[in-house]
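Read the structure below first, then the notes.
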Amino acid sequence: MSVPLLNERAKEWITEYNQNPCCGQRYNPAAKVVYQATRRFVDPFEPQFEPYIIFGLGQFDMGRTMVAEFPNRLHCSLENLRKTTLLGKLRACCLSSADLSAYGSEIMSAYELLARTGTLHPTKQFHVGATKILHWLFPDLFLMLDRNVARAFRKHFGVKLRDTTQPGYSAQIYLSCLRSAQNEILSFGTDRFRQLEPDSPEARIFDKIAFVVGVRLKVQ
């Protein structure tokens, strides 16, 4: 049985996230820059948006994994996403209302394309980076996963992730996380959830809460 993640302390968790020096002074300003760019581009797969994705990845601690030729790798990956998936149809979707059953296979295909060895990194898988790229492309829909967020999903929703340096990410696990988050938002109340931080995309609001909860679980 899952344990609710969203409760009367949800607003408190967001405040705690925003007051964290790293989150408030680096992550939040960087996210704001990328979101402003996202709104300017009708098509998030436009090449002109790619530098913003790279900027966001760098500010969100992915710099060490972006090896030589990363811009070219990203460009080719996004072109493949545009040509081989229906992901572009999800532009207007939000985490609270997206039909994850209808688009589940597309989401998993996109995740697998970005995460597999040889795509964005020549010798390693790129799971965390894949979720962050998906988030920058569609910030209202896609969550960013890291060890802290994974820890929260493991504890509260029973998602089969390990609390290790390799938690066991996969496309199926990612889709399961999206479904768990969606169900949680609906149970909490969509309007109530959005009012926790009205200027932030839905997936970003959920990420902030899950991040803080995961950090707190780590120190227990």
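The structure displayed is predicted, hence computed values, not measured ones.
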For the student: nearest non-hydrogen atoms of I185 and S96, plus distance: CG2-CB, 3.8 Å
On a heavy-atom basis, the closest approach of A152 and A210 is CB-O, 3.4 Å
Ring centroid separation F70 to H121 under 6.0 Å: no
If you apply the rule side-chain contact (heavy atoms from CB on, under 4.5 Å), what do you find for L95 with L143, and how did you get there? CA-CA 9 Å; L95 182 55; L143 299 166; 3.9 Å; yes
How close do G58 and R26 get, heavy atom to heavy atom, and via which atoms? O-NH1, 4.4 Å
Parallel under 30°, tilted from 30 to 60°, perpendicular over 60°: which one fits the rings of Y17 and F211? perpendicular
What's the verdict on side-chain contact (heavy atoms from CB on, under 4.5 Å) for M108 and S170, showing C-alpha distance, side-chain angles and the deciding distance? CA-CA 9 Å; M108 289 195 293; S170 71; over 6 Å; no
Which heavy atom of L114 sits nearest to which heavy atom of I133, and what is that distance? CD1-CG2, 4.0 Å
Given W136, which of Y52, F60, F49 fulfils the ring-ring contact (aromatic ring centres under 6.0 Å, His included) condition? F60
Without hydrogens or angle criteria, can the side chains of H127 and Y111 be said to hold a donor-acceptor pair below 3.5 Å? yes
So CG of D207 and OH of Y27: to nearest 0.5 Å the spacing works out to 11.5 Å
Test: R151 cationic atom under 6.0 Å from F153 six-membered ring centre, within 45° of axis: no
Compare every heavy atom of F138 with every heavy atom of L87, then report the nearest pair and how far apart it is. O-CZ, 3.4 Å
Heavy-atom check, side chain of L113 versus side chain of R116, under 4.5 Å: yes
Salt bridge check, D43 against R82: does any charged N sit closer than 4.0 Å to a carboxylate O? yes
With a 4.5 Å limit on heavy-atom distance, are the side chains of T117 and K124 in contact? no
